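In this text, all values refer to a predicted model and were calculated from it rather than measured experimentally.
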Amino acid sequence: MVRIGKNLLASAFATSRSSLTCTYKCGNACADDAPNEFASNEYFGDVASQALSQRAYSRRAALKVTGASALALGGGAVLAACTSDNSAAGGASASGAAGSTAAAPKGDSPEGMRFAPVSPNKEDAVVVADGYEQNVLIRWGDPIHEGGPAFDFDKQTAANQKVQFGFNNDFAGLIKAADGTLLYVCSHEYTTEPMMFRGYKKEDATKEQVDIGLAAHGHTVLAVEEDSKGFLKPILSDKRNRRITGFTEFTVDGPAAGHDLLKTKADPTGMKIEGTLNNCSGGVTPWGTFLSGEENADQYFGNVGKLEDEEAVKHLKRYSVKNKEMSDRAWEKYYDRFDVSKEPNEPNRFFWLVEIDPSDPNSTPIKHTALGRFKHEAGQIYVTDDGTVVCYSGDDERFEYIYKFVSSRKIKEGDTKHNMGILSEGTLYVGKFAGNSESEIDGSGELPKDGKFDGSIEWVPLMTAKSDGKHESHVDGMSAEEVCIYSRLAGDKVGATRMDRPEDIEASPKTGKVYAALTNNKYRGKTGAKDDKGKERTDSAGRPLDKAIEVAPITENKNGLILEMEDDHAGTKGKWNLLLVCGDPNEAYSYFGGFDKSSVSPISCPDNLAFDEYGNMWISTDGNALKSNDGLFAVAVEGERRGETKCFLTVPKAAETCGPMIFGNRVMVNVQHPGEIETDQGHPVGDNPDPTTAPTSHWPDGGDSQPRPAVVQVVRTGGGKIGV
């Protein structure tokens with residue numbers, strides 16, 4: 001029997017996100033009750049700990065921890081909070097540190113990972129591995145057309161912003177057009193108005209400020225070319241350069257197109273949607289388009305308290321649309337579409353996966369309803385050997401689900417019209433993740449008798465979209481259209497497994513294994529929550545709310561984990577295990593695929609994933625809970641060094657690392673919300689409501705400049721391949 005070390009309960013949950021970031025990025029989602037609290041389906045924490053313990057048992061038996069107690073890397077490993085200040089250079093722990101029983105690794109890191117790791121730091125700079133250099137491709141406000149307006153922080157206009165690079169760039173992709181030109185594409189997730197306008201107060205926001213915010217959302221398409229060093233530079237004369245904004249018209253396809261729940265006064269057809277919002281990560285398709293997930297769109301809507309339709313309020317709450325009065329940006333002051341008391345269906349027109357053709361600047365972007373409506377972090381395509389197209393997507397909120405869509409269409413090379421309909425026909429599934437020894441789990445941290453802690457996946461069909469329009473629901477009591485619009489409710493009904501903020505999901509091009517970043521969940525294992533009558537909350541199965549039932553007695557998944565799936569892709573079965581339980585390698589709870597923890601970089605809050613040409617996975621982080629800047633990490637996923645983790649770069653103070661792209665001779669990341677904290681003294685917003693007067697970052701321009709989100713690219717000094 002293996003018990004949990006009490007030292008793992010020491011610290012409270014905290015990330016590096018500021019209140020500004022929490023407000024404007026996700027509407028303070030983690031400050032409120034999770035919208036999935038009362039579903040009766042199981043928690044991933046109940047089964048995840050089993051898989052981790054099995055990996056620990058089979059690879060290294062058990063881990064020794066300080067004191068009389070011992071910890072297998074199951075149980076509390078997934079859920080423990082940190083106690084370390086993570087001060088060791090490069091994240092390496094001392095010889096014989098807690099949980100480090102494996103022999104020191106021999107030989108070199110895999111190709112693509114042969115660089116000296118960057119040490120944890122708090123610098124106001126992008127810090128890259130030795131032997132590499134960097135530059136900025138484009139930053140917020142830079143023009144995307146030849147002769148376009150130059151950026152002036154104090155003279156912004158909506159007209160200018162519509163032809164300038166947007167704010168808070170997240171997803172990034174590089175697509176080769178038919179003529180060989182490279183097209184850089186990215187999403188602009190959200191705006192932080194207090195960082196954009198001096199003395200900003202939402203109550204006094206002008207229409208021009210609102211319009212600038214809407215114009216700074218959306219996407220950018222930018223033609224680029226490579227210089228002699230391998231850096232990319234804009235081709236401002238290219239006619240394909242384009243901004244897609246909160247004003248751009250989108251068309252709707254799939255089962256929900258034209259449904260009554262998508263109709264508004266401005267759009268009685270339910271087929272034309274104005275704008276896209278909170279576009280987080282995405283994916284590049286094999287047919288030359290890019291996908292973008294509408295994520296935390298709930299925060300843009302206000303006046304829920306004035307809505308008298310109780311059923312509508314219930315559905316809005318399930319999607320976290322909760323602003324009883326004014327929203328965080330007060331856009332409803334000038335646009336009725338953001339006032340749910342006037343347009344209760346408008347939120348139903350968001351939370352979709354959108355598709356954009358970057359090669360055609362006159363094309364109308366599409367919102368695909370067949371892929372379900374939820375907080376899409378991304379949409380990643382995998383094509384099976386027989387040509388079946390599968391799209392994986394996570395719903396990025398606490399206790400939400402992992403989905404996949406299996407298309408009934410196959411790719412036709414060169415047929416853009418056909419290929420743009422691939423995501424319109426097929427079956428939407430949601431995942432159920434089961435441990436192999438659940439009946440033995442009592443929450444004590446004991447290993448099950450069979451010593452196994454991996455598990456199985458069942459993909460439950462929710463809806464099938466058909467070419468003849470006779471769509472089929474697989475959920476009792478819901479039509480196919482309702483499944484698309486209320487996918488979360490459909491997942492609830494079929495008992496999908498509640499996860500810890502499933503974000504980017506991507507398949508390895510080498511092995512076909514699918515990896516999911518589960519960023520964190522401060523409510524994992526939390527007990528004693530009370531309802532409005534003072535009674536302990538329970539779910540519909542009568543279990544204490546958020547209690548970790550299966551070998552997960554430690555509160556708070558603080559640093560996140562990486563889930564590895566051996567999926568049959570087009571089928572309904574698969575297996576899963578945990579590759580990483582992120583955190584400080586000095587602490588017993590963390591786990592790096594069985595690799596010696598004295599030789600890894602600390603990593604916290606995984607967000608976006610990418611793969612290099614050698615098959616290594618690269619992870620960008622968001623909200624580092626280890627008192628260091630976020631960064632980009634390379635991880636070996638196969639071979640004797642499986643689990644080896646090395647930091648390649650870190651981003652500036654208070655910034656997030658987004659949209660990693662790993663090429664043979666170039667690494668690119670989007671640097672989002674640099675300096676997004678209140679003042680350089682750390683005072684709360686109420687003490688100093690204008691963070692522009694004392695910005696905590698001056699990246700990327702230096703001096704006394706305001707911080708600006710930007711695109712960074714890194715090449716090897718003197719040329720050559722990355723990490724070899």
Side-chain angles (χ1 to χ4, degrees), residues 5 7-18 21-22 30 73 76-94 97-100 117-127 129 500-501 503 517-522 524 554-562 578-593 595 597-608 618-635 643-658 672-674 676-677 682:
N7 63 308
L8 300 181
L9 296 170
S11 65
F13 184 94
T15 77
S16 60
R17 277 191 182 179
S18 72
T21 302
C22 290
C30 289
L73 281 185
V78 180
L79 311 175
C82 300
T83 57
S84 172
D85 67 0
N86 191 40
S87 59
S93 59
S100 181
V118 172
S119 297
N121 65 80
K122 296 291 288 183
E123 294 188 33
D124 185 30
V126 172
V127 180
D500 282 7
R501 289 188 58 205
E503 299 217 33
L518 305 178
T519 295
N520 57 38
N521 185 352
K522 73 177 183 178
R524 174 66 68 198
I554 299 177
T555 59
E556 301 180 354
N557 173 6
K558 181 177 181 180
N559 293 291
L561 49 93
I562 297 293
L578 292 179
L579 172 66
L580 298 182
V581 174
C582 300
D584 182 351
N586 284 298
E587 296 289 349
Y589 66 86
S590 61
Y591 174 69
F592 291 80
F595 192 78
K597 297 203 298 178
S598 69
S599 302
V600 299
S601 296
I603 181 172
S604 175
C605 302
D607 190 337
N608 300 136
W618 292 63
I619 304 171
S620 63
T621 66
D622 169 22
N624 191 326
L626 299 176
K627 301 181 181 179
S628 175
N629 289 348
D630 278 309
L632 178 67
F633 300 77
V635 182
E644 181 177 18
T645 301
K646 298 174 74 172
C647 181
F648 181 74
L649 64 78
T650 56
V651 293
K653 187 184 303 183
E656 172 187 345
T657 323
C658 301
Q672 191 185 99
H673 58 77
E676 199 166 84
I677 48 182

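When side chains are defined from C-beta on, Pro602 counts as touching Pro585, because their heavy atoms get closer than 4.5 Å.
Under a 3.5 Å cut-off, the side chain of Ser590 and the backbone N or O of Gly583 do not form any donor-acceptor pair. A donor-acceptor contact shorter than 3.5 Å links the side chain of Ser628 to the backbone of Asn121.
The two atoms that bring Thr650 and Cys647 nearest to each other are CG2-SG, 3.8 Å, heavy atoms only. Scanning all heavy atoms of the two residues, the minimum distance from Ser599 to Glu644 falls at O-CG, 4.5 Å. Residues Lys653 and Lys122 share a closest heavy-atom pair of CE-O, 4.1 Å. Closest non-hydrogen pair, Pro606 versus Gly560, comes out as CD-CA, 4.1 Å.
Separating the CG atom in Asp584 from the NZ atom in Lys597 is a distance of 8.0 Å, to the nearest 0.5 Å. One finds the OG1 atom of Thr645 at 12.0 Å from the CH2 atom of Trp618 (value rounded to the nearest 0.5 Å). A distance of 11.0 Å separates CG in Leu632 from OG in Ser601, rounded to the nearest 0.5 Å. Put simply, CZ on Arg501 and CG on Leu561 are 12.0 Å apart, with the number rounded to the nearest 0.5 Å. Here the SG atom belonging to Cys658 is positioned 6.0 Å from the CG atom belonging to Asp607, to the nearest 0.5 angstrom. Rounding to the nearest 0.5 Å places CD1 of Ile562 at 11.0 Å from CZ of Phe592.
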- Run the side chain to side chain contact (heavy atoms under 4.5 Å, CB included) check on Cys605 and Asn624 step by step: do they pass? CA-CA 6 Å; Cys605 302; Asn624 191 326; 5.9 Å; no
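Considering Asn559, Asp630, Asn629 in turn, Asp630 is the only one that fulfils the side chain to side chain donor-acceptor pair (under 3.5 Å) rule with Thr621.
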